[in-house]
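I have placed the structure first, in the form of structure tokens, so that the comments after it can refer back to it.
Note that ligands are numbered from 1 as they come in the structure, with each ligand's atoms numbered from 1 the same way.
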Amino acid sequence: MLTTKHISDVTLAQMLLARGELVAIPTETVYGLAANALNAEAVARIFEVKNRPTFDPLIVHTYSIEALERHAHSIPAEAYKLAEAFMPGSLTLLLPKRAHIPDIVTAGLPTVGLRIPNHALALELLHGIDFPLAAPSANPFGYISPTTAQHVRAQLGEAIPLVLDGGACVVGVESTIVGFPEGEPTIMRFGGISVEAIEKVLGRQVKTMTHSSSNPAAPGMLASHYAPRKPFYVTAVGNLPTFLQKFLAQYAPERIGVLALRGGLPALPTDCQVLLSTEGNLNEAAQKLFGAMRQLDALDVDVIIAEYVPQEGLGRAINDRLKRASLTLET
Ligand code: TXA
Ligand code: MG
């Protein structure tokens, strides 16, 4: 019999993972739903629990740059530069996979997404096991990613034996994904490391190949994603007061929820408005984004309206998530 009384949660997590079970783990970006990446059956359970289509590949988590080489080969020089600058951290590199990485992890693709999370508990966990962890965000497919252990328990608690509680995620949006199609560093998903920071390290501009609703082989890029259950609409920076007028024609003021960076709407009750950073700090806004979306989704309102943030730094990742949250209505 396994008892949690005398062993730490990390040890328990290691034991569960070693025998093929799933454990929700904290990272600095969002919580992940982890399984032994080398155990195809355990990985299959991730897809089942998340209700995730198996054509959407998983990121593999490891603990050191040397460990990257164990799971990938032909690593470009610029990938090493990025790894040295940002690992551990909110960066995922897409690299040619070695044969022992099961096809179910990469959805049959020849590349594997590798990342070293910058979170003490996650690193302690990874150090104590002799296999890497496949882990997507620990939310039902298509819904908002979890940034606290409570978010995970609320949605997946029943389905998994352990949620390792590492506190609130400090970055709050998923990792930036960089691939190297034809050897060119290319951003495949905006995330916790800004484009500016990546370009600074590489000393040149990088391409971006983010949205592709028709080609799900590209990262998480089913256009609609990260979505609240309530109708969610988003408008340009500075346009929220004008946008609101449209909704006031249809809804009472107290039925409208608002998500904005700073400065609420005086025409609406304040308790239905969530502001991400009164100082306009985009890192703070990213950290609060998914929690704010969940909070609004749980409020007694009929519709949520949001405003984009400046398209710089982590603003790109925030805007990407806002846009995809708003697309559910059309798909
Ligand atoms: O911050 C993060 O990256 C979090 C934490 C838990 O590490 N994980 C995360 O996983 O966001 P997930 O599964 O929600 O999103 C990973 C995205 C997927 O949309 C997938 O399409 C893409 O990464 N991806 C993974 N491996 C890939 C590959 N070999 N080629 C292309 N895209 C890949
Ligand atoms: Mg996800």
ask   = Is a salt bridge present between Glu182 and Lys207, judged by a nitrogen-to-oxygen distance below 4.0 Å?
value = no
ask   = N/O of Thr111 under 3.5 Å from N/O of ligand 1, yes or no?
value = yes
inquiry  = Going by side-chain contact (heavy atoms from CB on, under 4.5 Å), Ser277 matches just one of Glu284, Lys288, Arg262. Which one?
reply    = Glu284
message = Can you name the atoms of ligand 1, numbered from 1 with element, that are less than 4.0 Å from a heavy atom of Ser175?
response = 1 (O), 2 (C), 3 (O)
inquiry  = Is the contact between His61 and ligand 1 made by the side chain, the backbone, both, or neither, using heavy atoms and a 4.0 Å cut-off?
reply    = side chain
message = Against ligand 1, does Arg52 come closer than 4.0 Å with any heavy atom?
response = yes
For Ile177, atoms of ligand 1 separated by under 4.0 Å from a heavy atom = 17 (C), 22 (C), 23 (O)
request  = Would you check if the side chain of Glu307 reaches a backbone N or O of Val237 as a donor-acceptor pair within less than 3.5 Å?
outcome  = no
inquiry  = Tell me whether Glu174 has any N or O atom under 3.5 angstrom from an N or O of ligand 1.
reply    = no
inquiry  = Assess the residue pair Ile256 and Gln250 against the criterion (side-chain contact (heavy atoms from CB on, under 4.5 Å)); give the C-alpha distance rounded to whole Å, side-chain angles, the decisive distance to 0.1 Å, and a yes or no.
reply    = CA-CA 10 Å; Ile256 303 175; Gln250 204 185 331; over 6 Å; no
query = Going by distance alone, is a donor N or O of one side chain under 3.5 Å from an acceptor N or O of the other, for Arg294 and Gln155?
reply = yes
ask   = Counting N and O atoms only, with roles assigned by atom type, does the side chain of Arg255 sit under 3.5 Å from a partner on the main chain of Asp300, one being a donor and the other an acceptor?
value = yes
ask   = Should one rank Ala138, Pro136, Gly192, Pro110 by closest heavy-atom distance to atom 10 (O) of ligand 1, which comes out on top?
value = Pro136
ask   = Any idea which of Ser90, Gly113, Pro57, Gly108 brings a heavy atom closest to atom 25 (C) of ligand 1?
value = Pro57
ask   = Is a donor on one side and an acceptor on the other found under 3.5 Å between the side chain of Asp320 and the backbone of Phe190?
value = no
ask   = Is it the side chain, the backbone, both or neither of Arg115 that has a heavy atom closer than 4.0 Å to ligand 1?
value = side chain
query = Is there a donor in the side chain of Tyr63 and an acceptor in the side chain of Glu124, or the other way round, less than 3.5 Å apart?
reply = no
Cationic N near anionic O, under 4.0 Å, Glu199 to Lys81 = no
ask   = Counting heavy atoms only, which of Ala135, Gly32, Ser145 is nearest atom 8 (N) of ligand 1?
value = Ala135
ask   = Considering only heavy atoms of Thr29, which atoms of ligand 1 have at least one such atom less than 4.0 Å away?
value = 1 (O), 2 (C), 4 (C), 5 (C)
message = Side chains of Ser145 and Glu174 only: does a donor on one sit below 3.5 Å from an acceptor on the other?
response = yes
message = Could you tell me, atom by atom, which parts of ligand 1 come under 4.0 Å of a heavy atom of Leu58?
response = 25 (C), 26 (N)
task = Using non-hydrogen atoms of the residue, decide whether Arg189 is closer than 4.0 angstrom to ligand 1.
result = yes
task = Please find out if the Mg ion (ligand 2) and some N, O or S atom of Ser137 are separated by less than 2.8 Å.
result = yes
query = Does an N or O from Lys50, backbone or side chain, lie closer than 3.5 Å to an N or O of ligand 1?
reply = no
